[in-house]
Amino acid sequence: MQNHLLSALTFIPVLGMFAILFIPRDKTYVIKVVAAVTTGLQLWLAVQMFLVFDRTTTAMQFVEHYSWIPAFNIEYFMGIDGLSAPMVLLTALLSFICIFASWNIDKAVKGYFALFLLLDAGMMGVFVSIDFFLFYIFWEVMLLPMYFLIGIWGGPRREYASIKFFLYTLFGSVLLLLAMLALYFYNEPHTFNMLTLMQTKYDYNFQIWVFLALFIGFAIKVPIFPFHTWLPDAHVEAPTAVSVILAGVLLKMGIYGILRINFPVLPDATLWFAVPLGVLGVINIIYGALCALAQTDLKRLVAYSSISHMGFCLLGMAALTTAGMNGAVLQMFNHGTISAMLFLLVGVIYDRTHIRDVDGFGGLAVRMPIYGGMVALAFFAGLGLPGFSGFISEALTLIGGFGAEHNSSTFRWLTGLAVMGIVLNAAYFLWAYQKIFLGKLNEKWAGLSEISGRELFTVVPLAIITIILGFYPMPILGMMSETMNGIIEMVKSGAITALQ
Amino acid sequence: MVNSTLNLVWLIPLFPLIGFLLNGIFGRRLGDKAVGIIGSGVMFFSFIVSGYLLLNYLGLHQTGAEFHTTLFNWISVADLQLSVSFQVDSLSLMMVVMITGVAFLIHVYSIGYMNGDEGFARFFAYMNLFSFMMLILVLSDNYILMFLGWEGVGLCSYLLIGFWYEDDENASAGKKAFIVNRIGDFGFLLGALLIFVTFGSFQYSEIFSQLEGYSVGNGTVTAITLLLFVGAIGKSAQLPLYVWLPDAMAGPTPVSALIHAATMVTAGVYMVARSSFLYVLAPASMTVIAVVGAATALFAASIALTQNDIKKVLAYSTISQLGYMFLALGVGAFSAGMFHLLTHAFFKGLMFLAAGSVMHALANEQDMRFMGGLRKKIPKTFITFLIGALAISGIPGLSGFFSKDELLWQVYSSPAGGIWLWLVGAVTAGLTAFYMFRLIFLTFYGEARWKPDTIAHESPNKMTLPLIILALLSVIGGYVGVPALLGGENRIHHYLEANLAKLPDDFTTHQSHLMEFTLMGISVLIAMAGIFLAYVFYVKRKELPDLLAAKFKRAYNLSFNKFYVDELYDYLFVQRLITISKWLWNIFDVRLVDGLVNGAGQLIMVSGRRLKKVQSGLVSGYALSLFLGSLMMIGYYFFR
Amino acid sequence: MLPIEYYLWFAAALFAIGVAGVLLRRNVIIVFMSIELMLNAVNVTFIAFSRQMNNIDGQIFVFFVMTLAAAEVAVGLAIIVAMYRNKKSINVQDMNLLKW
């Protein structure tokens, strides 16, 4: 098992998908159970991985390396290090939880869960692939189920949102493909192996262009301003579980890609782009927060807050300091759990009332105290209150940003601005909370029922993780720190140009 | 240094944490009685442990001893090593004993005050959580853990201000408090970041040990101290971020007493005192602190003169007194500031609780225009309130006298202070005496102006006992700091001194005793005059206030409407922010950015719609273009 | 023996007539016949070159073309019949469904 752990993680959902395809469509309960068992198994494997993961090395672990298409030197090459391991864990966890969050889907259940498992496989594949070609395949595999999940099970404007998502991401994919081929042909012998790609020293201008193409491809996924406008639409229309996956896992792939490919492969360009990256990060933080402040649609608010939070990742990695890099990856993990929690909770209220407009609620804390408490917890985690995991990672990115060794004065100003985002975050979360839960009970919702056991089951584990990591982040932080040092080392030593 | 007894310090925050978990999770099932016992019991245990540690610490006879206890490694990333660890020294022990003691009394009081409230368990859970966070704040040995407590108390403040959340105004007040505090936190966090970048650590002792290499007036240290002070401004409600505190009175009265008078709001003072070694290197920051403190003291006192809400008067009084403390810190009199912090916790906590007792007697009436004549009805409350008011006015013999006198004297004699700052302090003292006794006379004297159907009754023992204990403390609390002039040793100064910084130039430029006596006499006289004036205005000639208000209408209106600061902020910041965010989203994001995205799609759609006309469906047309196309290709090769 | 140019000019003329027929005539049957004309023009070219170059490949290719033409006629006529049943017309201009 040990040797094929990553393949198992990736392809168990595919097996589950085929199993579901053979179940008659009216046996919805069986379908759901199969999906739950499949993702449960995957989660169990991911936890095993977490337990035996070696935290002291930068090398790839659980490596599977086979020749696949020898004619083009394409390999089946999987492995994880401290960068991907937390993401694998996150993906498995959220996929499992999302099966339960989708429990009351009643439209074309079979198709939904089959597509969901395919999506799961694609996401897992992206995080474990070391071969760029394999990475790209999984990257595209993920796209299609997402398109259908939004387009079929989404809200009223689902077609618009799903096509926008699909075309936008496809546009990014094309640039990704171009960059991938450019790297492939630059190397002699041609290779897609990322580890080999990292060894090569590339021409300066070549680096800049490839970086730019890769960056736009990944930036669309993050999403980084100004490529972010698909996100609010997609989130608003997507069903709850899909929103969770979208915010929790898909957004991480952009940052993951930049850290996995851009940074180590193109060190000179990384230094060249460090300041723009930091600036974009800060724009994301402030802009996302300001836009969130203007929202009355709860899902759109959380979507813009995601944009704001992902800005911290960018700032942290652009600083190229240990604290910043660790903070960025930790922020990816933490935002995964916190935003998942937020979307799950929004889903709970939407299922009951079928509105998401904050002005339409009022005083719900009286009717739903437990739910109100959970939302308060999620909101405070979201606004980066110390004691929750989000604070640790945001503080780390800020510490990293403030202590940047290159362009240090620029980065200090940027970090100063980023800290302002923290004030704004508090403003919109508290404002929304007050509108929904405090004040006089809106009589319209007097009959609202409290959050159910199943819904609590989806949220509570995430809440516990958020709190534990807030007081003791080392389990996750310890996984990644060696790898992060390795990446920084690679950027700094690999660069032809000296660091300012 | 390690000391086995003092290593028990982790027990102090542990008890309230247990209380929070028990009350928070099982509160509803436990029943109110058990909740109350747990809630105040844990605080009692904490207090016992704190007291025991203090005695132990005093028994060591080592001035300036510091003990560190590390619980576990919090964040460790390469050069950033943060641990959850506590620092026990004179400063933190004083705070811990004060917090646990006052908190215990207020918890007991709350059992009576909150009796029968639906959210009884929730209340005690929040209060315990608050105590936990506050203890973390003062015990922490580094800035990040302090920040955890700092934000944690802010969270509890938010939760407790909006405790009766069904009233939208309470909820708004809580939100305002949290957000204004966050603006301060912005400064705190940046200051902490700058500290880390400069000193490579967040831990106090590691930072302070490196300070020898920094000269007075160092730019970085000045920046750090100013940024940290921004945090203190937010938390301790100083100009210009004081606006949240008066609104925070929306919370239950024990909350106002504990959080918004005795403990949380003094966190800023504590933080500056804790960072005193940094501050003494930044005279510019010290001046800023002194000026802000003095200005706040005077400004808030002038608002308190005209307020009619009993809790609002006390709130502005708190802001004013906090300004006093900062004034002291700003002139380098750190121990005097901390001394005033201690006595203020007693008498202001006392007055809030007493005000709560008054409200309890009058069916939650807060407007002093509907009080009066309560002296005979609720004698215990009256006497204790009076002691508090006398103490804050600085009447000799009471705690406030010693701390205020020490403070003012230091302000005068310090090289960083001077006669002008002293004058502001003295005038504020007069105003304080006036508005406090205005409150006393309006509430307890004169004819009863209660709303109909009100039956004034004394509060139960659970509430009056804490009042009596606090009143006792307000009387004797000052004797830990009797100045040398009056034959004392100023023990608290010597106790704290070694853990606080001193101004670099020698402080002991002894002024004459005569001068000290004169100033003391003047400030007492000013206080007496304030009380007398209040007596004339509100007991003897009650028409005078209205006459004066009519005569100085403009000044009165300014004070009565709190100088319109709330409205100004709303217009300048809140409304601007809303406009900007709406514009950014509606115009910039949706129209421009998303417009470009959709425009790209539209462009393709439109050009497709145009181009499709070429596809006419006529086979011969296709054939023609095929033919022409091949002709052109052949022609190209032919004529090339 | 005639020079190859004669054959080529003849084939080109035949092809041009075929093109003109395809482009100008409305009747599908005639269009169809014109196509056959073009195919046969090509056949003539093939054979001419085959003879010229003394290579049998061209003639084999002609057989291919002829078979293809036969099959094409079969399918094409069937389509025309189906079309006529539908539209009651064999005018090419009425067959314009294949458009936007």
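Reminder, nothing fancy here: chain letters follow the sequence lines and each chain counts from 1.
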Trainee: Provide the closest heavy-atom pair for Gly401(A) versus Ala319(A) in the form atom of the first, atom of the second, distance.
Mentor: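 Closest pair (atom of Gly401(A), atom of Ala319(A), distance): CA-CB, 3.6 Å.
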Trainee: Heavy-atom cut-off 4.5 Å, strictly under: side chain, backbone, both or neither for Phe402(A) against chain B?
Mentor: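 Contact with chain B is through both the backbone and side chain of Phe402(A).
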Trainee: Is there a ring pair (Phe, Tyr, Trp, His ring centres under 6.0 Å) between Phe132(B) and Phe20(B) once you walk through the steps?
Mentor: CA-CA 8 Å; Phe132(B) 168 72; Phe20(B) 162 66; 8.0 Å; no
Trainee: Which one wins on heavy-atom pair count under 4.5 Å against chain A: Leu155(B), Val84(B), Ile183(B), Leu189(B)?
Mentor: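 Max contact count across the listed options: Leu155(B).
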Trainee: Specify which of Leu441(A), Ile163(A), Ile392(A) makes the most heavy-atom pairs with chain B at under 4.5 Å.
Mentor: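 The candidate making the most pairs under 4.5 Å is Ile392(A).
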Trainee: Mind running ring pair (Phe, Tyr, Trp, His ring centres under 6.0 Å) on Phe124(B) and Phe120(B) for me, showing each step along the way?
Mentor: CA-CA 6 Å; Phe124(B) 274 90; Phe120(B) 194 82; 4.9 Å; yes
Trainee: Would you check if the distance from the ring center of Phe437(A) to the ring center of Tyr371(A) is below 6.0 Å?
Mentor: yes
Trainee: What option among Tyr304(A), Tyr472(A), Phe225(A) has the most heavy-atom pairs under 4.5 Å with chain B?
Mentor: Tyr304(A)
Trainee: Considering only heavy atoms, which portion of Phe471(A) lies under 4.5 Å from any heavy atom of chain B: side chain, backbone, both, or neither?
Mentor: both
Trainee: Between Leu167(A) and chain B, with a heavy-atom cut-off of 4.5 Å, which part of the residue counts as in contact: side chain, backbone, both or neither?
Mentor: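 For Leu167(A), no heavy atom lies under 4.5 Å from chain B.
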Trainee: Does the side chain of Phe130(B) come within less than 4.5 Å of Leu159(B)'s, by heavy atoms?
Mentor: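 A side-chain contact under 4.5 Å is absent here.
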Trainee: Between Asn73(B) and Ser83(B), is the side-chain hydrogen bond (donor to acceptor under 3.5 Å, both in side chains) condition met? List the steps.
Mentor: CA-CA 4 Å; Asn73(B) 202 357; Ser83(B) 53; 5.5 Å; no
Trainee: Pair up each side-chain donor or acceptor in residues 191-202 of chain B with any protein partner under 3.5 Å, not counting sequence neighbours, and list the distances.
Mentor:
from, atom 1, to, atom 2, distance (Å)
Thr198(B), OG1, Leu194(B), O, 2.5
Ser201(B), OG, Gln203(B), N, 2.9
Ser201(B), OG, Glu206(B), OE1, 3.0

Trainee: Run the ring-centre check on Phe391(A) versus Phe380(A) and record whether the distance is less than 6.0 Å.
Mentor: no
Trainee: With salt bridge (Lys or Arg N to Asp or Glu O under 4.0 Å) as the criterion, how do Glu118(B) and Arg28(B) come out once you've worked through the C-alpha distance, each side chain's angles and the decisive distance to 0.1 Å?
Mentor: CA-CA 10 Å; Glu118(B) 240 186 291; Arg28(B) 288 178 159 218; over 6 Å; no
Trainee: So which heavy atom on Ser157(B) is nearest to which on Ile259(B), and how close?
Mentor: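 Closest pair (atom of Ser157(B), atom of Ile259(B), distance): CB-CG2, 4.1 Å.
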Trainee: Looking at Phe72(B), Tyr158(B), Trp164(B), which makes the most heavy-atom pairs under 4.5 Å with chain A?
Mentor: Tyr158(B)
Trainee: Counting only non-hydrogen atoms closer than 4.5 Å, does Asn181(B) touch chain A with its backbone (N, CA, C, O), its side chain (CB onward), both, or neither?
Mentor: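 It is neither, since no heavy atom gets under 4.5 Å.
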Trainee: With a 4.5 angstrom heavy-atom cut-off, could you sort out which part of Leu293(A) is near chain B: side chain, backbone, both or neither?
Mentor: both
Trainee: Highest number of heavy-atom pairs under 4.5 Å with chain B: which of Gly403(A), Ala426(A), Gly478(A)?
Mentor: Ala426(A)
Trainee: Could you have a look at Phe227(A), Tyr168(A), Tyr287(A) and say which one has the most heavy-atom pairs with chain B under 4.5 angstrom?
Mentor: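 Highest number of pairs under 4.5 Å: Tyr287(A).
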Trainee: Side chain, backbone, both or neither: which part of Ser481(A) has a non-hydrogen atom closer than 4.5 Å to chain B?
Mentor: neither
Trainee: Checking an interface table here. Which of residues 577-594 of chain B come within a heavy-atom distance under 4.5 Å of chain A?
Mentor: Leu577(B), Ile580(B), Ser581(B), Lys582(B), Leu584(B), Trp585(B), Phe588(B), Asp589(B), Val593(B), Asp594(B)
Trainee: Counting only non-hydrogen atoms closer than 4.5 Å, does Trp230(A) touch chain B with its backbone (N, CA, C, O), its side chain (CB onward), both, or neither?
Mentor: neither
Trainee: How close do Ala267(B) and Lys235(B) get, heavy atom to heavy atom, and via which atoms?
Mentor: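 Looking at all heavy atoms of both residues, the shortest contact is CB-CG, 3.9 Å.
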Trainee: Determine, stepwise, if the pair Gln602(B) / Val597(B) fulfils side chain to side chain contact (heavy atoms under 4.5 Å, CB included).
Mentor: CA-CA 9 Å; Gln602(B) 290 292 325; Val597(B) 175; over 6 Å; no
Trainee: So, for Ile161(B) and Ala248(B), which heavy atoms are closest and what is the spacing to 0.1 Å?
Mentor: CD1-CB, 3.4 Å
Trainee: When only pairs under 4.5 Å are counted, which of Met420(A), Met474(A), Lys440(A), Met480(A) shares the most heavy-atom pairs with chain B?
Mentor: Met474(A)
Trainee: What is the distance from atom CD of Glu450(A) to atom CG of Leu364(A), rounded to the nearest 0.5 Å?
Mentor: 10.5 Å
Trainee: For Tyr160(A), which atoms come within 4.5 Å of any heavy atom of chain B: side chain, backbone, both, or neither?
Mentor: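 For Tyr160(A), the contact with chain B is made by the side chain alone.
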Trainee: Which is it for Asp566(B) and Lys176(B) under the salt bridge (Lys or Arg N to Asp or Glu O under 4.0 Å) test, yes or no, and what are the steps along the way?
Mentor: CA-CA 11 Å; Asp566(B) 277 322; Lys176(B) 184 172 173 184; 2.8 Å; yes
Trainee: Going by the side chain to side chain donor-acceptor pair (under 3.5 Å) test, which pairs reach into residues 413-425 of chain A, not counting sequence neighbours?
Mentor: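 Those involving residues 413-425 of chain A are Asn425(A)-Tyr428(A).
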Trainee: Identify the heavy atoms of Pro232(A) and Ala303(A) that sit nearest to each other, and give their distance.
Mentor: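 So the minimum-distance heavy-atom pair works out to CA-CB, 3.9 Å.
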Trainee: Taking every non-hydrogen pair under 4.5 Å, which of Asp168(B), Asp167(B), Leu80(B) racks up the most with chain A?
Mentor: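 Top option by heavy-atom pairs under 4.5 Å: Asp168(B).
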Trainee: Using every non-hydrogen atom in the two residues, find where Trp445(A) and Arg367(A) come nearest and quote the distance to one decimal.
Mentor: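 Between these two residues, the closest heavy atoms are O-CG, 3.8 Å.
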Trainee: Tell me which of these, Ser172(B), Gly162(B), Gly152(B), Gly174(B), has more heavy-atom pairs under 4.5 Å with chain A than the rest.
Mentor: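 Heavy-atom pairs under 4.5 Å are most numerous for Ser172(B).
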Trainee: Going by residue number, which parts of residues 143-150 of chain B are within reach of chain A, meaning a heavy-atom gap below 4.5 Å?
Mentor: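 The list, in residue order, reads Ile144(B), Phe147(B), Leu148(B).
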Trainee: Who wins among Thr321(A), Asn485(A), Leu383(A), Asp233(A) for the most heavy-atom pairs under 4.5 Å with chain B?
Mentor: Leu383(A)
Trainee: So which part of Leu396(A) gets closer than 4.5 Å to some heavy atom of chain B, the side chain, the backbone, both or neither?
Mentor: side chain
Trainee: Would you give the length of the straight line joining atom CG of Leu30(B) to atom CD1 of Ile25(B), rounded to the nearest 0.5 angstrom?
Mentor: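 Reported to 0.5 Å precision, the distance equals 10.5 Å.
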